[in-house]
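To keep things clear, I will list the structure first and then write my remarks on it.
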Protein chains: 2
Amino acid sequence: MNPPTIAVIEDETPIRRFLRASLSAEGYRVLEAEDAAGGLRTITGQRPDLVLLDLALPDRDGLDIIRTVREWSAVPIIVLSARGEENSKITSLNAGADDYLTKPFGVGELLARVRVALRHAARINSSSEPEETAFRFGDVRVDLASRIVTRDGEEVKLTKLEFDLLATLVRNAGKVLTHRFLLEKVWGPQAVDEPHYVRVFMASLRKKLEENASRPRYLLTEQGVGYRLKSD
Amino acid sequence: MNPPTIAVIEDETPIRRFLRASLSAEGYRVLEAEDAAGGLRTITGQRPDLVLLDLALPDRDGLDIIRTVREWSAVPIIVLSARGEENSKITSLNAGADDYLTKPFGVGELLARVRVALRHAARINSSSEPEETAFRFGDVRVDLASRIVTRDGEEVKLTKLEFDLLATLVRNAGKVLTHRFLLEKVWGPQAVDEPHYVRVFMASLRKKLEENASRPRYLLTEQGVGYRLKSD
DNA sequence: CGGCGATATCAAGATTCTATCAAGATGGCT
DNA sequence: AGCCATCTTGATAGAATCTTGATATCGCCG
């Protein structure tokens, strides 16, 4: 997942710079705009994951922006404002803003509220597809996160070293991996001169995962070099 | 759709009364609790659509409540607190709160923020079905919210650590969980090098939940790595 | 086609990891 | 203080896995 993108719409340059700095430091990608027109263009064109919006802009009221954006997008909007009156807050929130911070505010609080807003957005987006972290070859499926391997939908039981070796191959699928490389990744740097280990475990992987272990279609030998997992 | 239900957890009676009045006037159904224990009972039993939570409760820190509830539920939580320090806000929001209001606050703002929170929840619930806090495997049922485990409908009594371990497995059902991971989640980060703990408690979970503890069907060992709860 | 180094396969022994029991330690409660 | 349930810790038997060596097979090269 790429870092979330945040659009900052704020006319006062020092504050904008400050926000950019704080957000970048947290790893977010930051887009800047200094008036309503530019802000709308940014939101429309770049589709940020979150909007930080100053209410008092030179060309148009921030409220307008909220209403306009809400006609077509549910992107989280956090309002930043120097006006602390309750009415301003109520109006903004009712118009569709997700949060309202009164200047001056602490960076820590801002970042915490940004996290909350992104958390909400993530829940909505993730509830649909059950993310796929798995890799496939032939009728075999390798899920690195849950350490589960299936073949024809049936679960295949692998030992720790078998799985670690397979995982290394999967993570470098298509590439030729030397014995040394595999040994270092799976057994550790001290085992680098024992190519025999790899052979024994490749054999059992083939027995468990290949249709015909003596004529492997995916777990391929590269004579004199090492092994390669063919990604189909 | 019935009127949304809001749980108010607040020990100071005048404030609680005031909140009830304000919320009722808006058409919400209001549940009251005056301490953490009662609050948790209300949330577990009545499943409100939103929680207003005072941080300073007589029996337990409000933060605890947030964390506990977040183990099994995504119900919106708005924190009300007399403490205005930024750190308190950050901690609460990071723990899983959705908003934080510092007393004294205006009713109008509170109601606006309540609407925002309910708007979020509506978006989420419309896309998926009402959240299920129970998990099943074999004839065992684990309810994370009420911490009740049954087998063949009969309640099984688990100790705190047994349940916490089982809950961690349930929340990550299907995945292989390393000893380190389980130890960190259940015993805390300092216990990360004591895999023996996990073994002892897995043994007692199996004895209580598996048909044949020596041939487990669900609470599976992954040699050299950790354990896994097989979701059938 | 034959030789040779590299690779595959198998299985026994060594090692590591796991299950289980129970005694001691701890902590809450009356 | 004493009881009870629970947790921690140690000891030990048992199981699974890994290592290792012996032997068979493959595939490249002249």
Side-chain angles (χ1 to χ4, degrees), chain A residues 147 149 156-169 176-183 185-188 190-229, chain B residues 37 59-60 147 149 155-169 176-183 185-188 190-229:
Chain A
R147 290 185 76 99
V149 178
V156 180
K157 222 175 138 195
L158 296 187
T159 69
K160 171 176 153 52
L161 283 181
E162 285 166 358
F163 182 87
D164 290 347
L165 176 58
L166 178 61
T168 308
L169 290 163
V176 178
L177 306 177
T178 64
H179 294 118
R180 297 184 71 84
F181 179 84
L182 291 169
L183 284 161
K185 289 289 175 194
V186 178
W187 277 264
Q190 79 291 344
V192 132
D193 296 308
E194 298 282 350
H196 194 54
Y197 289 0
V198 185
R199 296 196 185 107
V200 171
F201 281 82
M202 282 302 289
S204 50
L205 279 180
R206 282 175 178 155
K207 196 149 69 176
K208 290 182 178 181
L209 302 177
E210 289 278 4
E211 197 120 355
N212 180 346
S214 55
R215 298 208 142 273
R217 296 183 52 193
Y218 301 100
L219 300 161
L220 306 181
T221 302
E222 297 285 337
Q223 276 250 92
V225 188
Y227 294 90
R228 177 165 68 92
L229 173 60
Chain B
D59 54 340
R60 193 137 72 98
R147 295 180 71 95
V149 178
E155 183 169 344
V156 180
K157 221 176 142 194
L158 297 186
T159 70
K160 170 177 156 48
L161 283 181
E162 284 167 356
F163 182 86
D164 290 347
L165 177 58
L166 178 61
T168 308
L169 290 163
V176 177
L177 307 178
T178 64
H179 295 118
R180 298 184 72 85
F181 179 87
L182 291 168
L183 285 162
K185 290 288 175 196
V186 177
W187 278 264
Q190 78 290 344
V192 131
D193 295 307
E194 297 284 350
H196 196 56
Y197 289 0
V198 185
R199 294 196 187 107
V200 172
F201 281 81
M202 282 301 290
S204 49
L205 279 180
R206 282 176 179 154
K207 198 148 66 175
K208 291 183 177 179
L209 303 177
E210 288 278 4
E211 197 122 353
N212 179 346
S214 57
R215 298 203 134 273
R217 296 184 52 194
Y218 301 101
L219 300 161
L220 306 182
T221 301
E222 299 284 336
Q223 272 246 86
V225 186
Y227 293 90
R228 176 162 72 92
L229 173 60

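Just so we're on the same page: letters track the sequence lines, and every chain starts at 1. Heavy-atom basis, side chains included; hydrogens, waters and symmetry copies ignored. Only a predicted model underlies this, so the values are computations on that prediction, with no experimental measurement involved.
- Nearest nucleotide to the A/Y227 side chain, out of D/dG10, C/dA8, D/dC7: C/dA8.
- Between B/E222 and B/R228 the shortest heavy-atom distance is OE2-NE, 3.1 Å.
- Straight-line distance from the CG atom of A/L183 to the C1' atom of D/dT19: 13 Å, rounded to whole Å.
- Closest non-hydrogen pair, A/D193 versus A/L183, comes out as N-CD1, 4.4 Å.
- Comparing D/dT6, C/dC10, C/dT20 against the side chain of A/V200 picks out C/dC10 as the nearest.
- Distance CG (B/L205) to P (C/dT20): 12 Å, rounded to an integer number of Å.
- If you measure from atom CD of B/Q223 to atom C1' of D/dA16, you get 4 Å, rounded to the nearest angstrom.
- Atom pair B/F163:CZ and D/dC7:C1' shows a separation of 18 Å (rounding to whole Å applied).
- Annotation: of the two residues near DNA chain D, A/R215 and A/K157, the 5′-most nearest-nucleotide partner is A/K157.
- If you take CZ of A/R206 and P of D/dC26, they are 13 Å apart, rounded to a whole angstrom.
- When each of D/dC7, D/dT9, C/dT7 is scored by its nearest atom to the side-chain atoms of A/H179, the top-ranked nucleotide is C/dT7.
- For the pair B/W187 and D/dT8, the criterion of a side-chain N or O lying under 4.0 Å from OP1 or OP2 is met.
- You'll find the side chain of B/R147 reaches within 4.5 Å of the side chain of B/D164, heavy atoms only.
- For A/S214, no side-chain nitrogen or oxygen approaches OP1 or OP2 of D/dT25 to under 4.0 Å.
- Computed from coordinates, the A/M202 CE to C/dT9 C1' distance equals 14 Å when rounded to whole Å.
- The residue among B/E162 and A/F201 whose nearest nucleotide of DNA chain D lies closer to the 5′ end is B/E162.
- Two residues are said to be in side-chain contact when any heavy atoms from C-beta on lie closer than 4.5 Å; B/Y227 and B/V198 meet this criterion.
- Neither OP1 nor OP2 of D/dC7 sits under 4.0 Å from any side-chain N or O of B/Y197.
- Taking atom CD on A/E210 and atom C1' on C/dA8, their separation rounds to 14 Å, with Å as the unit.
- Distances from the side chain of A/R199 to the nucleotides D/dT19, C/dA6, D/dC7 place C/dA6 closest.
- The shortest distance between the side-chain N/O atoms of B/K207 and the OP1/OP2 oxygens of C/dC21 is below 4.0 Å.
- One finds no side-chain N or O of A/T159 lying less than 4.0 angstrom from the OP1 or OP2 phosphate oxygen of D/dA16.
- In terms of heavy atoms, B/R206 sits closest to B/L220 at NH2-C, 3.7 Å.
- Taking atom CG of B/D193 as the reference point, atom P of C/dC17 lies 13 Å away to the nearest angstrom.
- The side chain of B/T221 places an N or O atom within less than 4.0 Å of a non-bridging phosphate oxygen (OP1 or OP2) of C/dA19.
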